[in-house]
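Okay, structure first, notes after.
In this text the structure is predicted, and so the values were computed from the model without any measurement. Every chain is numbered from 1 and lettered A, B, ... according to where its sequence line falls, protein lines coming before strand lines.
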Amino acid sequence: MDLSDIFESASRSKIFADRSLLRPDYVPLELPHREKMITSLGRILSPALVGDRPSNVFVYGLTGTGKTAVTRYVTSALADHASKMKTPVPVSVKYINTRENDTSYRVLAEMASGIGIRVPFTGLSVAEVRARLVGALRSITTIYVVVLDEIDAMISRIGDPFLYQITRMNEEIQPSQMSIIGITNDIRLADNLDPRVKSSLNDEQVFFPQYQANELQDILAERAKLAFLPGALEPDVIPFCAAIGAREHGDARRSLDLLRRAGEIAEIRGANRVQRQDVEEARAALENDTIIDSIKSLTLDSRVLLLVLANAKLRGKDKLTSGELYASYENIITNGLKDNALTERRLADLVKSLEMSNLITANLVSEGRGGRTKHISLQIDPSRVIQSLADDPRLGDLAGSVGRDVLAHHEDCGARRWIL
DNA sequence: CGTCCACAGGAATGACGGGCGG
DNA sequence: CCGCCCGTCATTCCTGTGGACG
């Protein structure tokens, strides 16, 4: 088979009609079981069409409950409608993901770009960016609806004073007006906010409950109708994907990912139907992907931490204290990897970020006279860690020897010891 | 009931590369 | 090209702390 055959067969899929409909960022035209949220958000924003500033809104709901899709859908419908019917005041809409744009500078820069102002992505002072944004809004007249997605991520990084600053901008940007839609999956976010921010941002709320399994089925079926070729899905595939998503807090994104990945697996298999078995494999593959991806993005120091934890776990010690971890880490680093090990303080931050990416857990414990420390343990299969680190030229040998040593360890119990 | 362990984690500071405006 | 400011990484110095031990 030559290349053109491969490309040819790939372009004539036996499974997918349009794979892009299953991508996570696709905003569908139909959002089943979200009619209520669509109408309430629409009602909240509708004053924009008659030239009034809509209230600020908080949109609550766990991941994969359709917050982002509904908000994007409603805001873009609002903008379309406004431009079509030539409203007295034009309406502009900007969607900003504050996890990707997680500094005040970048958020302000994105806000500026939403009304056509280009700001260099670094180099100016925050105050300067803000001034340009305000100036631009003042020079035109618009109702500017700004969506701040994953706003909890932003607040934990830059804090709510920034949010307060944004809400206060309204006083300076006349004749323009601005509304903020904050999207969060932290249900209790408002409780921890500065009361002033809370009162101005929390005028209106839209809550997104978890999807039930049967609702997820509807969503998947709706999407599958166009994404897959007729008859490409075994009848139990969609219910199975829905069941998995339902079990994980009613997460539609998760279900859709599974469905797409299962389709890809079936396609690679050369089959023309997706089976339940493909979904099983898709689940394992997706899990593996996120682990590999997060390990790949780590620095040498964090990788060594994982390696130490993997080694300990393979030897039956699944918990290390911060002190033990640091000692082993320092040992490896100074034995030829780098000149200087990081300090304990810095390592504490690395541990924290590893914990954030769910690779490890770190529980604060106090053992009286034994002191106060963290019990740190690997959350993933240690062989995965070793496998992922084996192609790091700096760690390959080390990772390999951990693996070999454990093999040897199993063969003749404890005859050899591999010292970290 | 105070001590004291083994850290946690905040604050201040600095080095550094990127990228502006002038 | 300079001076400035940015975000990021890292260090130094520091105060805080849950609970077993004495």
> Where along residues 340-362 of chain A does a heavy atom come under 4.0 Å from DNA chain B, residue by residue in number order?
Replying inline: A/Arg345

> Do the side-chain N and O atoms of A/Ser377 and A/Thr361 include a donor-acceptor pair separated by under 3.5 angstrom?
Replying inline: yes

> Taking A/Val59 as the fixed residue, which of A/Ile151, A/Ile181, A/Asn185 is the one that meets the side-chain contact (heavy atoms from CB on, under 4.5 Å) rule?
Replying inline: A/Ile181

> Over how many whole Å does the gap from A/Leu300 atom CG to C/dA10 atom P extend?
Replying inline: 10 Å

> Within the structure shown, what part of the strands sits under 4.0 Å from A/Thr321 by heavy-atom distance: base, sugar-phosphate, or nothing?
Replying inline: sugar-phosphate

> Do the ring centers of A/Phe208 and A/Tyr60 come within less than 6.0 Å of each other?
Replying inline: no

> Under 3.5 Å, side chain of A/Arg34 to main-chain N/O of A/Thr65, donor-acceptor pair present?
Replying inline: yes

> Can you find a heavy atom in the side chain of A/Tyr105 that is under 4.5 Å from one in the side chain of A/Glu128?
Replying inline: no

>> Nearest whole Å is fine: how far is C/dG3 P from A/Glu128 CD?
In response: 20 Å

> Below 4.5 Å, heavy atoms only, C-beta onward: do A/Lys374 and A/Leu364 meet side chain to side chain?
Replying inline: yes

> Is the backbone of A/Ala284 close enough, under 3.5 Å, to the side chain of A/Asn288 for a donor and an acceptor to pair up by distance?
Replying inline: no

>> Rounded to whole Å, please give me the gap between CZ in A/Arg106 and P in C/dG7.
In response: 8 Å

>> I need the residues from residues 367-380 of chain A with at least one non-hydrogen atom less than 4.0 Å from DNA chain B; give them sorted by number, or say none.
In response: A/Gly368, A/Arg369, A/Gly370, A/Gly371, A/Arg372, A/Thr373, A/Lys374

>> Whole angstroms only, please: what is the NZ-C1' distance between A/Lys338 and C/dC9?
In response: 11 Å

>> What is the separation between atom CD on A/Glu330 and atom C1' on C/dA10, rounded to the nearest whole Å?
In response: 16 Å

> How close or far is atom P of C/dT17 from atom CG of A/Leu364, stated in whole angstroms?
Replying inline: 12 Å

> Has the side chain of A/Ser179 got a donor or acceptor atom that lies under 3.5 Å from a matching backbone atom of A/Pro54?
Replying inline: yes

